[in-house]
Amino acid sequence: MTEPLKIGLAGLGTVGRGVARIIENNGSEIARKIGRPIEIAAVTARDRNKDRGYDFSPFPWFETPAELAEKADYDVFVELVGGEEGAALEATRIALKRGKHVVTANKAMLALHGQELALLAEQNKAGLLFEAAVAGGIPIVKSLKESLSGNRIERIYGILNGTCNYMLTRMQNEGKDFAEILKAAQEEGYAEADPSFDIGGIDAAHKLALLTTLGFGTVTSFDDVYVEGIENITPEDIRASDELGYRIKLLGVAVKTEDGIEQRVHPALVPKDSAIGEVSGVTNCVCVDGDFIGSVMLIGPGAGEGATASSVVGDIIDTTRQCGDAVFTLPASELAPYNRAPLRAHEGGYYVRLQLHDRPGTFAAIATRMAEYGISLESIVQRHSDHIAGDSSKGSEGDPAQVVIITYQTTEQAVSEALREIEKDGHIAGQPNMIRIERL
Ligand SMILES: NC(=O)c1ccc[n+]([C@@H]2O[C@H](COP(=O)([O-])OP(=O)(O)OC[C@H]3O[C@@H](n4cnc5c(N)ncnc54)[C@H](OP(=O)(O)O)[C@@H]3O)[C@@H](O)[C@H]2O)c1
């Protein structure tokens, strides 16, 4: 009888359980595709007695991921433990050194150790597959490695974090502030108890670092990603952007510029009637601009048990077909160092919201400062406090007022310096809120 494809499953949480369910439900279908049965041969997690909503007791148990990776009899090590270091990294190294294929959903580990692990995999003729690590169920890794690999990639960008997109969508729909929506998202299970990785942009930055390596053939360099989260987005920003025809999204953008490669994660304004502007809720999307393809956009579930496990099982199936070749789009030894394009050289339009001391001449003084730095204004709109609170009637003279400015194309350096001068001039209260506008 044909030997089964044996899976060593490390991590029995959300995704691990999803993988077990797919293998149980679709095992015979998968067996037809790979020409042999598929079975879970060994499992591990922290707590053997935990109720997981799935009965893992029939499978041989190992005390640690490292022990499983070292001693179990398996063909594919499936790493669903998580974390950039520690148990996941240790066990992955062991499995690869044994020449075993590894399938992982762990973007944090790969964003920090991607090249080292890719070298290890290639030296040992093992596969290291990670479709689930970038945008969960969206098949973007294979698209970049295979279907789009004839192109010179110019830009990759997208909505890479479902929690942030869910929160921004609710702020948009309900007009509530960040803290209120975060609390609701946590109660509903859309945000973690410690949401800092998601809302601070780190999770999206891990994924972006991998997309950059895949798209541009560069070394994986998480430290080069500029990261800004959504914590400072206010209902006023959402409302003012909406009135100007924009939606605010947390975007990850990797783009080739004259200065090198710019990698950035930050809130950005996109036209509300654009395809990306209409991606709402937990849905993710990834857009790729290439020299011959033009633009491609993939939209789908970026997380969740079924969607993420679907990508993991797709990779498990792939280990039976072609493995041991380049982990990224190039062999790991050929991934190139690159120049980090400084963000101050970034060119684009900007949204700026300023809280004004309502005095005669303030408006003109701000416009003059912007002009000194060569910044042309597409629009400048004064919004009184009762307007801001939702009443479109004008406030009375002396009320605190806000000004929302949209600039034409300029540089980040010019905007930052002009805002610094405007702050020094004493015309504004508090910090200006600046959001980049993404050219689509
Ligand atoms: N959830 C998603 O939608 C999603 C989407 C894309 C990618 N991912 C990635 O997939 C991976 C797994 O995510 P998840 O949501 O399934 O996580 P999870 O629900 O927290 O499950 C993690 C599992 O790993 C086990 N584990 C953690 N630390 C361990 C250690 N030191 N030794 C042994 N076992 C350990 C846990 O054991 P216990 O259960 O005993 O505590 C648990 O079974 C992560 O890398 C994550 O970033 C997840």
* Stepwise side-chain contact (heavy atoms from CB on, under 4.5 Å) test for Ile435 and Ile233 -> CA-CA 9 Å; Ile435 307 177; Ile233 301 297; 3.7 Å; yes

Spacing of [atom1] belonging to [X] relative to [atom2] belonging to [Y], to within rounding of 0.5 Å:
X      : Y      : atom1 : atom2 : answer
Asp242 : Asp237 : CG    : CG    : 12.0 Å
Cys164 : Ile159 : SG    : CD1   : 10.5 Å
Glu79  : Met109 : CD    : CE    : 4.5 Å
Leu250 : Asp203 : CG    : CG    : 9.5 Å
Ile437 : Tyr350 : CD1   : OH    : 9.5 Å
Ile261 : Asn339 : CD1   : CG    : 9.0 Å

Do [X] and [Y] come close enough that some side-chain heavy atom pair is under 4.5 Å?
X      : Y      : value
Pro271 : Leu440 : yes
Thr308 : Thr14  : no
Arg321 : Lys33  : yes
Leu117 : Arg93  : yes
Gln431 : Glu423 : yes
Phe62  : Lys71  : yes
Leu214 : Phe130 : yes
Phe178 : Ile199 : yes

State whether the side chain of [X] and the backbone N or O of [Y] hold a donor-acceptor pair below 3.5 Å, judged by distance alone.
X      : Y      : result
Thr283 : Val279 : no
Asp177 : Glu180 : yes
Asp289 : Glu154 : no
Thr329 : Gly217 : no
Arg155 : Val253 : no
Arg17  : Glu305 : no
Asn106 : Gly83  : yes
Thr212 : Leu208 : yes
Asp224 : Arg340 : no
Arg436 : Ala268 : no

* To do: In sequence, state the C-alpha distance, the side-chain angles, and the governing distance for Val286 and Leu160, and then conclude on side-chain contact (heavy atoms from CB on, under 4.5 Å).
  => CA-CA 7 Å; Val286 187; Leu160 303 176; 3.9 Å; yes

Can you confirm whether [X] is buried at [atom1], in the sense that more than 12 heavy atoms of other residues, nucleotides or ligands lie under 6.0 Å from that atom?
X      : atom1 : value
Asp51  : CG    : no
Glu258 : CD    : no
Glu39  : CD    : yes
Phe222 : CZ    : yes

Charged N to carboxylate O under 4.0 angstrom, [X] versus [Y]?
X      : Y      : result
Lys249 : Glu438 : no
Glu174 : Arg170 : yes
Glu131 : Lys145 : no
Glu347 : Arg439 : no
Asp75  : Lys100 : no
Lys183 : Glu187 : yes
Arg264 : Glu412 : no

* Sequence-distant partners of Tyr226, ring-ring contact (aromatic ring centres under 6.0 Å, His included), two or more places apart -> none

* Asked: Who passes ring-ring contact (aromatic ring centres under 6.0 Å, His included) against Phe216, sequence neighbours left out?
  -> none

* Check the pair Val15, Val312 against side-chain contact (heavy atoms from CB on, under 4.5 Å), reporting the backbone distance first and the verdict last. => CA-CA 9 Å; Val15 186; Val312 172; 4.1 Å; yes

* Going by the angle between their ring planes, with limits at 30° and 60°, are Phe77 and Tyr74 parallel, tilted or perpendicular? -> tilted

* What's the verdict on side-chain contact (heavy atoms from CB on, under 4.5 Å) for Leu120 and Thr92, showing C-alpha distance, side-chain angles and the deciding distance? -> CA-CA 10 Å; Leu120 203 53; Thr92 299; over 6 Å; no

* **Stacked cation flag Arg52 on Tyr54, 6.0 angstrom / 45 deg** => no

How close do [X] and [Y] get, counting heavy atoms only, and between which atoms?
X      : Y      : answer
Val265 : Gly252 : CG2-CA, 4.0 Å
Lys207 : Ala133 : CG-O, 3.6 Å
Val19  : Ala309 : N-CB, 3.5 Å
Asp259 : Pro342 : CB-CD, 4.1 Å
Ala204 : Asn161 : CB-CB, 4.4 Å
Asn284 : Ile138 : O-CD1, 3.4 Å

* Asked: With no hydrogens and no angle check, do the side chains of Thr213 and Thr220 hold a donor and an acceptor under 3.5 Å apart?
  -> yes

* Would you say the side chains of Thr234 and Glu236 form a donor-acceptor pair under 3.5 Å? -> yes

* Going through the distances and angles, do Thr257 and Glu262 end up as a side chain to side chain donor-acceptor pair (under 3.5 Å)? -> CA-CA 7 Å; Thr257 75; Glu262 194 176 274; 5.1 Å; no

